[in-house]
Amino acid sequence: MINIFVRNLDPTTTETQLRDLFASYGSVQSVTVVTDRDTNGPRGFAFVEMANDAEAGSAMQSLNGFRLNDREMQLNEARAKDDHDTDRDSSREHRRHKI
């Protein structure tokens with residue numbers, strides 16, 4: 001399974017639009033448009049998971065630079081999420097004063 005990172009998305013882009021676009025290249029397992037946790041608005045990027053490596057590669061090659069909703073999408077294979085670094089405070093507590 002390949003996870004594709006899609007960036008530079010217009011805020012009006014929907015999961016259905018992305019699913020339909022990528023489905024023309026093969027089987028789409030999931031689509032996630034990432035939203036801001038505070039505003040719940042789209043952050044301008046998404047992840048598309050495709051089951052077949054060759055189909056995912058074809059989609060990435062063909063759709064990189066494709067204009068969707070008047071924006072050129074940029075695609076890359078998503079990197080694996082790093083394990084949480086317990087030595088570093090990456091929570092939102094860094095925004096608050098610590099006493």
Side-chain angles (χ1 to χ4, degrees):
M1 178 148 351
I2 298 288
N3 194 8
I4 303 169
F5 175 62
V6 184
R7 63 183 172 150
N8 198 36
L9 292 175
D10 182 85
T12 63
T13 302
T14 66
E15 290 181 1
T16 302
Q17 285 177 309
L18 289 172
R19 180 178 298 279
D20 292 347
L21 185 61
F22 279 83
S24 62
Y25 295 92
S27 176
V28 175
Q29 299 299 306
S30 70
V31 176
T32 305
V33 173
V34 179
T35 57
D36 184 272
R37 72 176 104 184
D38 293 330
T39 66
N40 209 27
R43 293 191 56 200
F45 64 95
F47 293 95
V48 177
E49 287 185 325
M50 297 184 75
N52 183 289
D53 292 2
E55 292 171 350
S58 177
M60 284 191 292
Q61 185 175 14
S62 298
L63 295 175
N64 192 33
F66 180 82
R67 293 186 78 78
L68 178 64
N69 297 338
D70 208 31
R71 288 235 185 133
E72 283 188 18
M73 298 187 304
Q74 297 173 357
L75 282 65
N76 297 93
E77 186 173 343
R79 294 185 302 231
K81 189 173 181 179
D82 292 334
D83 290 334
H84 181 70
D85 185 358
T86 56
D87 292 336
R88 195 178 111 204
D89 184 11
S90 62
S91 70
R92 292 184 158 224
E93 291 301 314
H94 71 278
R95 295 184 184 174
R96 293 181 174 83
H97 296 288
K98 293 186 179 182
I99 299 173

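Computed from a predicted structure; not experimentally measured.
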>> Between R71 (side chain only) and L9 (backbone N and O only), is there a donor and an acceptor less than 3.5 Å apart?
In response: yes
>> So, taking the atom named CZ in F5 and the one named CZ in R79, what distance separates them when rounded to the nearest 0.5 Å?
In response: 8.5 Å
>> Check whether N8 reaches the backbone of E72 with its side chain - one donor and one acceptor, N or O, closer than 3.5 Å.
In response: yes
>> To check you understand the geometry: which heavy-atom pair defines the closest contact between F45 and R7, and what is its length?
In response: CB-CA, 3.9 Å
> Atom CD in E77, atom CD1 in I2: separation rounded to 0.5 Å?
Replying inline: 4.0 Å
>> Checking the side chain of N64 only, and the main-chain atoms of L75 only, is there a donor and an acceptor separated by less than 3.5 Å?
In response: yes
> Mind checking whether V31 and V6 have side chains closer than 4.5 Å, heavy atoms only?
Replying inline: no
> Would the number of heavy atoms belonging to other residues, nucleotides or ligands and lying under 6.0 Å from CZ of R67 be above 12?
Replying inline: yes
> Considering all heavy atoms of both residues, which atom of A46 and which atom of L18 are nearest to each other, and what is their separation?
Replying inline: CB-CD1, 3.7 Å
> What's the shortest heavy-atom distance between P42 and P11, and which atoms?
Replying inline: CG-O, 3.2 Å
> Should we say atom CZ of R19 is surrounded by more than 12 heavy atoms from elsewhere, each under 6.0 Å from it?
Replying inline: yes
> Listed by chain and number, what are the side chain to side chain contact (heavy atoms under 4.5 Å, CB included) partners of N69, not counting sequence neighbours?
Replying inline: D10, T12, T13, Q17
> Can you list every side-chain hydrogen bond (donor to acceptor under 3.5 Å, both in side chains) pair that touches residues 24-35, not counting sequence neighbours?
Replying inline: S27-Q29, S30-E49
> Atom CG in L21, atom CZ in F66: separation rounded to 0.5 Å?
Replying inline: 5.0 Å
> Which value, rounded to the nearest 0.5 Å, describes the distance between D20 atom CG and T14 atom OG1?
Replying inline: 8.0 Å
>> If hydrophobic clusters are built from ILVMFWY residues whose side chains come within less than 4.5 Å, do L68 and V33 share one?
In response: yes
